[in-house]
A.B. asks: 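Take this structure first; my questions come after.
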2 protein chains.
Amino acid sequence: MSKSHLTLTPVETAACCSPLLREPISLEHAERLTPLLKALADPVRLRLVSIVAASEGGEACVCDLNDAFDLSQPTISHHLKVLHDAGLLDRSKRGVWVYYAVRREVLADVAALIGGSA
Amino acid sequence: MSKSHLTLTPVETAACCSPLLREPISLEHAERLTPLLKALADPVRLRLVSIVAASEGGEACVCDLNDAFDLSQPTISHHLKVLHDAGLLDRSKRGVWVYYAVRREVLADVAALIGGSA
DNA sequence: GATCAATATTGACATACGTCTATGTCTGGT
DNA sequence: ACCAGACATAGACGTATGTCAATATTGATC
């Protein structure tokens, strides 16, 4: 279990199931989780995350990602920005190319919150 | 692990981590997962799910849910419909009252798909 | 430093979404 | 039968979202 800002305290998470299912989450918790779910709640972005995660070395160049979709380059760039802004993707520029990598701990936190060991 | 339409075959899920992270998911998989994430990607609906799940007997009456928010009754009704249509909530009418219950297996499936054992 | 290739940004557009008020539909009690 | 209360539906309205074409920016190369 990671120690991101999303997880609750151990005593809260250990009892029976995910915090979401165990007790009414606060407005603040809901509003911190929502942007991550919003970022994931799009078929293109889901596939982007998936393709990046499954790529050689856990990262992928934007140029390869563009080729994987029937969408314009700005549209892919936009989706990558949404994912990056949400904290789901890391960005690293190397030369002319930009590589994105999935922040698996964040994804794992989201999963643990909504239904982990439900 | 449940056997909902969301899970992949055992051989696909067992290898290393969630299907999303292990290999590029298909468009169909992405489009089947997206509506669930969309349904969850709202602070009010997240709290609705949470309140219902944490309620006595795992279900809650709409009347109680209305009281938990500073929103109009139709708005809550709308959010409950979204969650129900997505397959996240079960609905049962008893007399004048309507009770909703969280389908935990579905939630668990979503969690397993996006980051389970990442 | 001019040029080219890889990404990002901007602005426009149609559609989707969250919310409300007003109204409809049940159901139980009088 | 009627009424009252619980919940759903319809319609309207502003805002957010996904997409594109056009343009800007950045970095490598000649």
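Just so it is clear: chains get the letters A, B, ... in the order the sequence lines come, proteins before strands, and each one is counted from 1.
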A.B. asks: Taking only the side-chain heavy atoms of A:Val96 (C-beta and beyond), determine which of D:dA28, D:dT9, D:dA21 contains the nearest atom.
C.D. replies: D:dA28
A.B. asks: Assess whether one donor atom and one acceptor atom, taken from the side chain of B:Gln73 and the base of D:dA6, lie less than 3.5 Å apart.
C.D. replies: no
A.B. asks: What's the closest nucleotide to the B:Pro74 side chain, out of C:dT19, C:dT21, D:dG18?
C.D. replies: C:dT21
A.B. asks: Between A:Val82 and A:Trp97, which residue's closest nucleotide on DNA chain D lies nearer the 5′ terminus?
C.D. replies: A:Val82
A.B. asks: In whole angstroms, how far is the C1' atom of C:dA6 from the CG atom of A:Asp67?
C.D. replies: 12 Å
A.B. asks: With respect to the side chain of A:Leu71, which nucleotide from C:dC26, D:dC20, C:dA8 is positioned closest?
C.D. replies: D:dC20
A.B. asks: For residues B:Arg47 and A:Leu27, determine if any side-chain heavy atom of one lies less than 4.5 Å from a side-chain heavy atom of the other.
C.D. replies: yes
A.B. asks: Let me check something: any side-chain donor-acceptor pairs from residues 52-63 of chain A under 3.5 Å, sequence neighbours excluded? List them with distances.
C.D. replies:
| residue | atom | partner | partner atom | Å |
| --- | --- | --- | --- | --- |
| A:Ser55 | OG | A:Ile51 | O | 2.6 |
| A:Glu59 | OE2 | A:Arg94 | NH2 | 2.6 |

A.B. asks: Starting at the 5' end of DNA chain C, which residue's closest nucleotide do you reach first, A:Lys38 or A:Ser77?
C.D. replies: A:Ser77
A.B. asks: Just how far, in rounded Å, is P of C:dT21 from CD1 of B:Ile76?
C.D. replies: 13 Å
A.B. asks: From C:dG18, C:dC20, C:dG28, pick the nucleotide closest to the side chain of B:Arg45?
C.D. replies: C:dG18
A.B. asks: How close or far is atom P of C:dA6 from atom CG of A:Asn66, stated in whole angstroms?
C.D. replies: 10 Å
A.B. asks: Please determine if a side-chain N or O atom of B:Tyr99 lies less than 4.0 Å away from the OP1 or OP2 oxygen of D:dA6.
C.D. replies: no
A.B. asks: Could you tell me whether the side chain of B:Leu46 reaches within less than 4.5 Å of the side chain of A:Leu37, counting heavy atoms only?
C.D. replies: yes
A.B. asks: In this structure, how many angstroms lie between the C1' atom of D:dG27 and the CZ atom of A:Arg94, rounded?
C.D. replies: 15 Å
A.B. asks: Does C:dT7 have OP1 or OP2 under 4.0 Å away from a side-chain N or O of A:Arg91?
C.D. replies: no
A.B. asks: Of the candidate nucleotides C:dT19, D:dT19, C:dC20, which contains the atom at the shortest distance from the side chain of B:Ser72?
C.D. replies: C:dC20
A.B. asks: Can you see whether A:Tyr99 has A:Arg91 sitting over its ring - NZ or CZ less than 6.0 Å from the centre and within 45° of the normal?
C.D. replies: no
A.B. asks: Does the side chain of B:Arg103 come within less than 4.5 Å of B:Leu89's, by heavy atoms?
C.D. replies: no
